[in-house]
Enquirer: 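The following block contains the structure, expressed as structure tokens.
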Amino acid sequence: MSWLDANLGRIGDLALTHLWLSVLPVVLGLLVAVPVGWWAQRHPRLGGVLLGSGSILYTLPSLPLLTIIPVILGTSILDPLNVVVVLSLYAVALLLRTAADAFAQLPREVVDAADATGHSTWQRALRVELPLAGPVLLAGVRVVSVSTVSLVTVGALIGVSNLGSLFTEGFQRNYTFEIVTGLVAVVLLALLLDGLWVLLGRLLLPWARTERSAA
Amino acid sequence: MSDNVFVGAGQWLTDSAHWSGTDGVPARLLEHLGYTVLTVVIAAAIALPLGLWIGHTGRLRGLAVALTGSLRALPTLGLLTLVVLWVGIGLTGPILALVVLSVPPLLAGAYAGLESVDRHTIDAARGLGFTEWQVLTRVEIPLALPLIVGGFRSAVLQVVSTATVAAYIGLGGLGTYLIEGVQIRDYPMTLAGSLVVVVLALVLDAGFALAQRSAARS
Amino acid sequence: MIEFRSVSKTFADGTTAVRDFSLVLPSRTTTVFVGSSGCGKTTLLRMVNRLVEPSSGQVLIDDVDVATRNPVELRRSIGYVMQHAGLLPHRRVVDNVAVPLRLAGVGRSEATSRALAALETVGLDPALARRYPRQLSGGQQQRVGVARGLVADPNILLMDEPFGAVDPIVRDDLQQELLRLQRELDKTIVFVTHDIDEAFLLGDQVVILRRGGEVAQVGTPAEILADPADDFVRTFVGLDKARRTLHVEERAGARIVVDGDGRPAGVLGPA
Amino acid sequence: MIEFRSVSKTFADGTTAVRDFSLVLPSRTTTVFVGSSGCGKTTLLRMVNRLVEPSSGQVLIDDVDVATRNPVELRRSIGYVMQHAGLLPHRRVVDNVAVPLRLAGVGRSEATSRALAALETVGLDPALARRYPRQLSGGQQQRVGVARGLVADPNILLMDEPFGAVDPIVRDDLQQELLRLQRELDKTIVFVTHDIDEAFLLGDQVVILRRGGEVAQVGTPAEILADPADDFVRTFVGLDKARRTLHVEERAGARIVVDGDGRPAGVLGPA
Amino acid sequence: GGDPTAAPSGGGGDTIVVGSAAFGESEILAEIYAQALEAKGVSAKTHLDIGAREAYVGAIKDGSIDLVPDYTGNLLLFLDPKATASAPDDVNAALTAALPKGLSVLTPSAAEDKDSLNVTAAFAAKHHVASIADLANVDGLKLAANPEFKTRAYGLPGLAKVYGVKDVAFTGISDGGGPATVKALTSGRVDVADIYSTTPAITANKLVTLEDPKHLIAAQNVVPLIRDEVASAKVKEVLDAVSAKLTTEQLLKLNADLAGDSHPSPADVAKAWLKANDLA
Ligand SMILES: Nc1ncnc2c1ncn2[C@@H]1O[C@H](COP(=O)(O)OP(=O)(O)OP(=O)(O)O)[C@@H](O)[C@H]1O
Ligand SMILES: Nc1ncnc2c1ncn2[C@@H]1O[C@H](COP(=O)(O)OP(=O)(O)OP(=O)(O)O)[C@@H](O)[C@H]1O
Ligand SMILES: [Mg+2]
Ligand SMILES: [Mg+2]
């Protein structure tokens with residue numbers, strides 16, 4: 001416990017770094033994936049190719065990607081930007097499929113109703129399709145958010161400090177308590193972020209909560 | 001430099017020396033597949049019964065959601081280091097870490113799959129006099145199959161991609177090329193290894209896509 | 001004989017769908033529950049085969065409390081035509097119809113041929129038998145549901161708005177078919193509808209329900225029309241509406257019966 | 001005036017829903033398309049606001065081919081009550097009704113108060129206005145759909161089986177309400193139903209359709225009843241059925257009009 | 001310092017950023033350098049736990065850090081994989097020549113921490129091994145080490161060439177002779193393990209370190225690797241003083257302190273040592 005007391009400040013710092021290293025990729029991923037996913041779903045052929053390349057991205061193992069990215073971007077080796085870029089790529093890869101699915105599974109009669117009431121293409125996309133895709137998008141974002149928090153730890157292997165540093169350090173020092181502390185901190189952070197997403201969903205998608213009522 | 005890496009990776013892959021022996025691509029590929037299958041089988045033995053039970057009864061759903069969420073949040077790196085400190089190197093550590101990784105998608109696939117089945121349909125089956133077991137096996141599982149297969153699909157892909165860390169503690173598999181490549185700065189080897197992993201993942205993914213489509217059709 | 005003994009049902013969310021309902025449904029007759037949406041018709045029907053368990057009271061079939069019977073057995077012994085067809089989406093039409101037979105242990109080929117016969121009874125093109133339910137229109141699906149309810153030749157038949165989605169011509173046919181079946185086979189039928197015309201056509205006994213499963217009036221169609229119990233019934237059967245107050249007009253050379261709105265109701269023939 | 005000039009529609013999957021259909025729908029009258037499920041009623045209706053583009057032929061409104069008009073503008077100028085309500089699940093009931101107003105640029109508060117008024121017109125409890133569509137019954141949803149069709153006070157109103165899911169009492173009210181609106185506001189209404197009674201009640205002009213949008217007969221209700229064009233029409237309106245051949249019986253002390261099945265159709269009043 | 005905008009966490013201005021590899025001893029050394037500099041009025045901060053050598057050498061080249069503790073032999077091999085120097089002075093000379101422009105090493109310390117091949121006491125007794133040369137007589141030898149051991153001159157190729165030890169079953173474990181490697185050895189999964197000579201686990205587990213009479217494993221003296229830009233006379237003076245006081249025994253003790261039950265931070269361990277040696 002004394003170790004914990006002595007290191008609370010440092011763990012807090014690491015958690016803060018970890019937080020923004022996780023949030024940024026998810027937000028960036030969302031900003032890219034939603035419009036592209038919408039477009040892909042409207043243009044099935046080219047869109048399919050796009051989605052396909054998305055899944056290739058996701059199969060790339062993270063460690064070599066993290067070492068090669070600085071070479072490609074010309075960033076410095078310790079730049080946290082490398083981690084952000086790599087995780088954003090993963091987030092896009094995952095969310096792209098989610099977004100395309102979210103738009104594709106919209107009930108046809110609702111989209112039809114939007115047309116019938118005289119929504120233009122843009123009005124339909126922004127006022128009807130986007131909000132209706134919301135619940136599925138949110139579910140996707142929650143998954144991506146949680147796994148991004150967990151993936152950030154790999155950054156510790158290439159010198160970008162975050163809660164994952166507690167793993168490498170604890171391992172080196174043969175100190176399981178430090179690793180366990182890191183695990184707990186990472187899970188807590190992930191759950192905290194998840195809670196925030198849920199809250200945001202409640203605020204933005206109040207209608208989705210009535211989902212399973214009335215027969 | 002990056003050009004050289006790509007050319008180098010091509011040369012590495014076309015060098016016949018890398019395609020035979022215990023350190024050759026076929027052997028490593030088999031090892032890798034072996035770990036993947038072992039992991040997913042163990043994870044499925046845990047996740048499927050639990051997920052089907054939760055989906056069928058609707059009970060403990062909150063627990064399932066919390067469980068999948070927390071397991072997803074557990075970083076493989078942390079688990080791996082922890083288990084290795086506890087039990088030393090060997091199969092246990094990485095398999096355990098990978099099982100933890102693949103339980104969430106399998107669990108979610110199972111219970112979300114059952115949940116996606118229209119309540120009216122299940123009600124109809126009960127009304128006809130299906131027993132609970134018949135409702136599960138003849139109605140819910142067949143209708144949930146596309147999502148259940150989808151769960152396997154993401155579990156397998158994640159394991160294939162993450163099993164590379166098994167090499168970190170000397171377990172072999174395709175990760176050997178990545179980890180050793182990074183350590184001895186043989187980036188062509190790293191890239192070549194990554195490419196093999198990617199191709200493996202894509203082949204498996206395509207297979208699952210087919211399976212999912214045929215599950216959805218029936 | 002089916003008997004409801006002061007049954008009530010309050011759902012988990014607090015909705016009281018049925019409050020203290022009692023009624024005897026004589027064997028070999030058709031009883032029709034008719035009432036507005038949400039008045040508890042389906043809830044009452046589903047108590048008979050234990051898809052809904054009453055919060056209090058009992059339902060008895062031939063003086064045996066259904067609560068004492070194994071629900072799976074019970075359901076297999078009763079034909080049930082569901083409100084929204086309730087087909088299994090992953091089974092072909094013919095296999096859907098064969099389900100009750102298969103569950104009763106009938107062999108595959110016999111079950112199939114009896115299912116095809118049942119499909120014919122409800123007037124479905126045999127070409128549709130190999131399709132999946134989603135490839136059928138709503139009305140066609142409902143007919144498949146009716147065929148499934150009939151196929152095992154059960155003594156009790158529960159029918160929940162079985163003709164709601166079928167178009168008028170086919171509905172007329174199905175109604176006639178049901179009347180014929182009833183004459184020939186003497187089943188005990190419990191029929192739910194919100195269409196008072198359908199209720200009057202099919203019911204030996206018509207039960208007009210208010211919200212909460214409260215009985216507004218029970219009787220034969222003629223009894224109800226001639227002597228409505230109260231204003232609610234009068235309104236419900238349309239007696240205070242122009243629609244039920246008829247007169248005869250000579251139009252385009254025929255004696256046409258016209259309602260209060262001037263809508264032609266039919267042509268007058270000899271009494 | 002709406003005019004169909006030999007329009008046909010073959011969908012991408014090869015289904016020919018409408019074949020060479022021509023008809024003039026006079027302004028300020030109600031034309032009812034009636035026919036069995038799948039005969040092409042919805043397809044015809046949706047050609048008017050370009051939700052379906054004819055494969056050949058034209059649809060003209062006041063002699064202007066709709067194909068020359070911007071579809072979004074066109075749809076905003078026409079009221080459309082969709083077959084299955086077609087509400088936006090993420091908007092509250094009142095906001096759903098307000099959509100056509102908001103799209104036309106009406107301010108939020110004015111749109112809301114007009115939407116509330118429209119909900120009252122269709123007899124919906126104002127307490128429901130703040131709910132989401134999913135929290136309403138099918139019939140209530142359909143009424144919301146009707147309110148949305150009416151709210152912007154369009155000259156042309158397309159109504160696709162708007163009263164299909166509402167229960168009979170409310171349906172009668174809504175039908176009366178529509179008749180009143182029609183008398184007062186003189187709109188051009190195109191109404192789709194498969195209920196011949198409803199068609200006869202509401203239609204100034206009734207169009208009986210066969211499969212493929214083929215016209216079996218066009219005329220006023222009395223014309224059709226008195227002089228059905230062929231056996232199909234005769235069957236469709238029920239003239240060869242017991243239902244339309246009425247006679248008078250003395251029952252339970254009242255003079256009751258009874259059809260060939262013995263089903264009471266109403267009580268005879270003075271001519 | 002370099003361009004302050006180039007690397008957010010890197011060095012800039014007058015503050016010297018001291019990096020470290022991802023293991024305890026390197027972290028302690030980095031803390032010692034940084035605290036010693038601070039004590040003498042040179043502004044310094046640390047960026048610990050950067051990772052393997054490719055990462056921190058990359059980082060010092062691109063200016064993310066300014067100074068890092070390293071080991072002469074391995075640094076030489078890293079810079080020049082074909083290097084063959086083995087004795088301390090040869091290594092130092094070769095290293096100075098191999099350094100890229102802009103980087104220097106200061107005076108190496110006497111303290112050494114090098115790869116060492118270890119066996120369990122039981123194994124040593126059973127097979128009568130005391131030196132690496134004795135391994136040639138053992139059949140089916142299983143060895144665990146960092147993956148790079150497989151290809152490096154002091155690794156498998158050297159074992160075969162210098163000592164005639166062949167047909168070794170190799171297990172790569174990427175923890176730099178850390179707990180996993182030790183565990184592999186003590187659990188009997190492997191017979192020989194490459195563990196850094198100052199690892200407390202060697203004494204704690206009573207392991208037998210095999211002798212290296214033919215100097216297969218190159219000298220590994222602790223040495224500050226520094227960017228020329230920040231290597232002022234003052235800095236050199238401070239770091240040389242530190243290097244002069246460090247010994248191999250003290251490295252061992254520092255490591256033991258760090259692994260102690262109270263789990264002190266590297267900074268605490270460094271602070272205590274500097275105080276004891278009057279350097280701060
Ligand atoms: N499982 C349930 N949980 C909660 N409330 C229910 C449930 N099933 C029905 N209800 C409610 O009970 C009441 C009666 O429902 P029921 O389905 O019996 O009506 P109904 O007469 O069949 O209506 P409809 O004509 O619309 O089918 C309604 O208010 C309904 O919302
Ligand atoms: N988008 C479409 N693609 C292919 N076929 C279609 C499409 N829309 C309608 N059809 C087909 O065209 C025919 C006419 O359909 P339509 O919806 O106009 O019938 P309807 O008279 O409105 O029937 P209902 O009373 O069931 O609403 C049907 O066979 C239908 O299956
Ligand atoms: Mg019902
Ligand atoms: Mg239609």
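The structure presented is a predicted model; accordingly, all values stated were derived computationally and were not measured. Naming: A, B, ... by sequence-line order, numbering from 1 per chain.
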Enquirer: Got a sec: does the CD of C:Glu53 have more than 12 other heavy atoms crowding it under 6.0 Å?
Expert: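 Check passes, neighbour count above 12.
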Enquirer: Report the distance from atom CG of B:Leu128 to atom CZ of C:Arg148, rounding to the nearest 0.5 Å.
Expert: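 Spacing of CG (B:Leu128) from CZ (C:Arg148) equals 4.0 Å.
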Enquirer: Heavy-atom count check: over 12 atoms from other residues, nucleotides or ligands less than 6.0 Å from C:Asp204 CG?
Expert: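 Counting other residues, nucleotides and ligands, CG of C:Asp204 exceeds 12 neighbours.
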Enquirer: Using non-hydrogen atoms only, which part of B:Glu132 is less than 4.5 Å away from chain C: side chain, backbone, both, or neither?
Expert: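 No part of it gets close to chain C.
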Enquirer: Any chance you could measure B:Arg138, atom CZ, to C:Arg102, atom CZ, to the nearest 0.5 Å?
Expert: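 B:Arg138 atom CZ to C:Arg102 atom CZ measures 8.0 Å (nearest 0.5 Å).
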Enquirer: Minimum heavy-atom separation for C:Gly86 to B:Ala124, with atom names?
Expert: O-CB, 3.0 Å
Enquirer: Report yes if the side chains of C:His84 and B:Asp118 come closer than 4.5 Å at any heavy-atom pair, otherwise no.
Expert: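 The answer is no, as the side chains (C-beta and beyond) never meet within the 4.5 Å cut-off.
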Enquirer: Please report the interatomic distance CZ(C:Arg91) to OG1(B:Thr121), rounded to the nearest 0.5 Å.
Expert: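 Rounded to the nearest 0.5 Å, the CZ-OG1 separation comes out at 12.0 Å.
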Enquirer: Side chain, backbone, both or neither: which part of C:Leu51 has an atom under 4.5 Å from a heavy atom of chain B?
Expert: side chain
Enquirer: Side chain from CB out, backbone as N, CA, C, O: work out which of these in C:Ile78 comes under 4.5 Å of a heavy atom of chain B, or both, or neither.
Expert: neither
Enquirer: Would you say C:Arg92 has more than 12 foreign heavy atoms packed within less than 6.0 Å of its CZ?
Expert: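 More than 12 heavy atoms, drawn from other residues, nucleotides or ligands, come within 6.0 Å of this atom.
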Enquirer: Minimum heavy-atom separation for C:Val72 and B:Gly129, please, with both atom names.
Expert: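 Minimum heavy-atom separation between C:Val72 and B:Gly129: CG1-O, 3.2 Å.
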Enquirer: Within the structure provided, determine whether C:His90 and B:Leu145 are in side-chain contact (heavy-atom separation under 4.5 Å).
Expert: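 Side-chain contact under 4.5 Å: no.
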